[in-house]
Amino acid sequence: MERRTFLRNAGAGLAAGALAAPAIVHAQAPQIKWRLASSFPKSLDTLFGATETLVRRVAAATNGRFQIQLFAAGEIVPGFQVLDAVKEGTVEMGHSASYYFVGKDPTFAFDCAVPFGLNSRQQSAWMYEGGGLELMREFFRDYNIYNIPCGNTGTQMGGWFRKEIKTLADLKGLKMRIAGFAGEVMAKLGAVPQQLPGADVYPALEKGTIDAAEWVGPYDDEKLGFNKVAKYYYYPAWWEGGPQVSLYINQKHWDSLPKDYQNILEAAAAEAHVVMQARYDAKNPAALKRLVASGTQLRPFSREIMAAAYKTTFEIYEETAAKNPRFRKVYEHWKKFREDQNLWFRVAENAYDNFVFSAGQHR
Ligand code: CA
């Protein structure tokens with residue numbers, strides 16, 4: 001009040017501008033406290049760790065003015081209800097894997113992973129530079145959510161099997177913990193997909209209530225001890241070539257956020273996105289060596305199984321696209337982008353990877 005009166009009385013433009021500047025800076029840097037509900041447990045220092053990277057950077061870049069409090073799955077919101085909680089504004093933001101929500105609409109999966117989809121590099125290319133993010137934001141707007149990519153696991157492992165799976169016949173009646181589109185594909189191939197929360201997977205596999213379970217990859221899987229209850233570790237997860245995880249921000253809260261904080265949040269998410277992939281790539285090799293040393297038997301899925309799964313997958317996409325216009329819109333764009341990506345990746349990347357990854361064996 002006093003200052004305003006003074007400024008009005010002062011009248012001079014220059015003096016008023018100089019004096020008003022601190023007041024403007026103050027108005028643009030408010031103290032903000034948000035809550036972030038994660039779909040992941042603290043024990044997953046890779047997935048949950050992405051949000052730790054994020055909130056540390058946001059706090060540091062705003063001199064502690066923008067604080068985001070992290071909550072692991074189940075602390076304030078159950079893991080699978082993160083989307084609803086952000087949509088309703090129960091929490092300002094969340095961190096989740098969008099394919100958890102394919103029951104609401106299968107289109108969600110494109111924000112994370114679909115069988116025989118993009119690898120992590122290609123997913124980032126589609127999101128940041130290929131028009132995928134715009135499409136997914138348009139889709140998420142109906143859920144009152146502003147989404148930002150925030151992490152990728154890279155290609156996952158196919159999971160733990162109590163018995164060897166060599167042919168399609170071996171899949172008949174196989175009870176496997178696997179969800180979403182992959183579960184649908186497995187069902188069409190004769191398996192019996194099971195939906196189990198993370199904590200229930202180990203006991204079910206141990207008791208033999210299920211025959212197989214997919215989780216993430218060596219580093220995360222080792223912590224859960226799956227190698228103690230299933231001997232065969234299959235690869236790759238053809239349903240998760242490069243699963244992306246995302247930040248969900250309630251649209252109203254996003255709109256009310258000062259522009260500089262919006263920018264800081266986007267930049268911190270991009271950083272967390274890169275760091276999470278780096279952590280997986282850095283930690284997986286040692287974990288894989290330890291698993292193999294403990295007696296784990298590595299097995300690739302057979303060509304027969306991969307080819308049948310591939311064919312079935314695209315039949316399901318076409319069926320889904322025929323009855324869901326939202327899915328069709330994203331799918332058609334994604335499919336074209338994917339074809340071009342694979343055309344390019346099979347030239348330089350594939351030749352380089354194929355040679356270098358086995359070069360040690362040729363010396
Ligand atoms: Ca998985």
Side-chain angles (χ1 to χ4, degrees), residues 38-41 43-50 73 79-80 82 95-103 106 108-120 122-123 149-162 165 171 174-187 189 191-202 204-205 210-227 229-230 232-246 276-277 279-281 283-284 287-288 291 296 298-301 305-306 309 313:
S38 174
S39 284
F40 312 110
S43 57
L44 291 174
D45 67 322
T46 41
L47 282 151
F48 189 78
F80 292 132
V82 165
H95 187 233
S96 194
S98 298
Y99 63 12
Y100 289 158
F101 309 107
V102 293
F108 274 111
F110 290 110
D111 189 60
C112 179
V114 294
F116 298 103
L118 307 171
N119 68 23
S120 68
Q122 298 171 331
Q123 177 74 10
C150 188
N152 198 303
T153 69
T155 306
Q156 297 196 0
M157 290 292 283
W160 299 86
F161 291 70
R162 287 159 60 96
I165 303 296
L171 288 179
L174 182 96
K175 280 184 272 173
M176 178 171 185
R177 186 260 184 189
I178 185 165
F181 270 122
E184 272 185 63
V185 176
M186 281 293 197
L189 297 180
V192 188
Q194 315 276 315
Q195 303 241 29
L196 286 178
D200 299 344
V201 180
Y202 183 94
L205 200 54
I210 55 173
D211 307 302
E214 69 88 40
W215 187 241
V216 185
Y219 180 70
D220 292 335
D221 294 9
E222 183 189 30
K223 286 193 215 163
L224 292 180
F226 290 133
N227 56 318
V229 289
Y232 301 99
Y233 197 17
Y234 274 84
Y235 63 90
W238 42 261
W239 51 94
E240 284 170 307
Q244 176 192 297
V245 284
S246 291
M276 179 174 142
Q277 177 71 78
R279 186 173 293 179
Y280 270 114
D281 287 340
K283 288 183 181 292
N284 273 328
L288 184 62
L291 288 169
T296 291
L298 284 178
R299 293 285 186 277
F301 282 121
I305 289 174
M306 293 284 281
T313 292

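Just so it is clear, the values below take in all heavy atoms, side chains as well, and ignore hydrogens, waters and symmetry mates. Note that ligands are numbered from 1 as they come in the structure, with each ligand's atoms numbered from 1 the same way. Remember, predicted model here, so these are calculated numbers, not experimental data.
- With respect to Val216, the side chain to side chain contact (heavy atoms under 4.5 Å, CB included) criterion is satisfied by exactly one of Lys223, Gln156, Met157, Glu240: Gln156.
- Angle subtended at the Ca ion (ligand 1) by Gln156 OE1 and Trp215 O: 80°, rounded to 10 degrees.
- In this structure, Phe40 has its ring center no closer than 6.0 Å to that of Phe48.
- Closest N/O/S atom of Glu240 to the Ca ion (ligand 1): OE1.
- Listed by chain and residue number, Arg290 satisfy the salt bridge (Lys or Arg N to Asp or Glu O under 4.0 Å) test with Glu222 (two or more places apart in sequence, or in another chain).
- Listed by chain and number, the residues in a ring pair (Phe, Tyr, Trp, His ring centres under 6.0 Å) with Tyr233 are Trp160 (sequence neighbours excluded).
- No other N/O/S atom of Glu214 lies as close to the Ca ion (ligand 1) as OE1 does.
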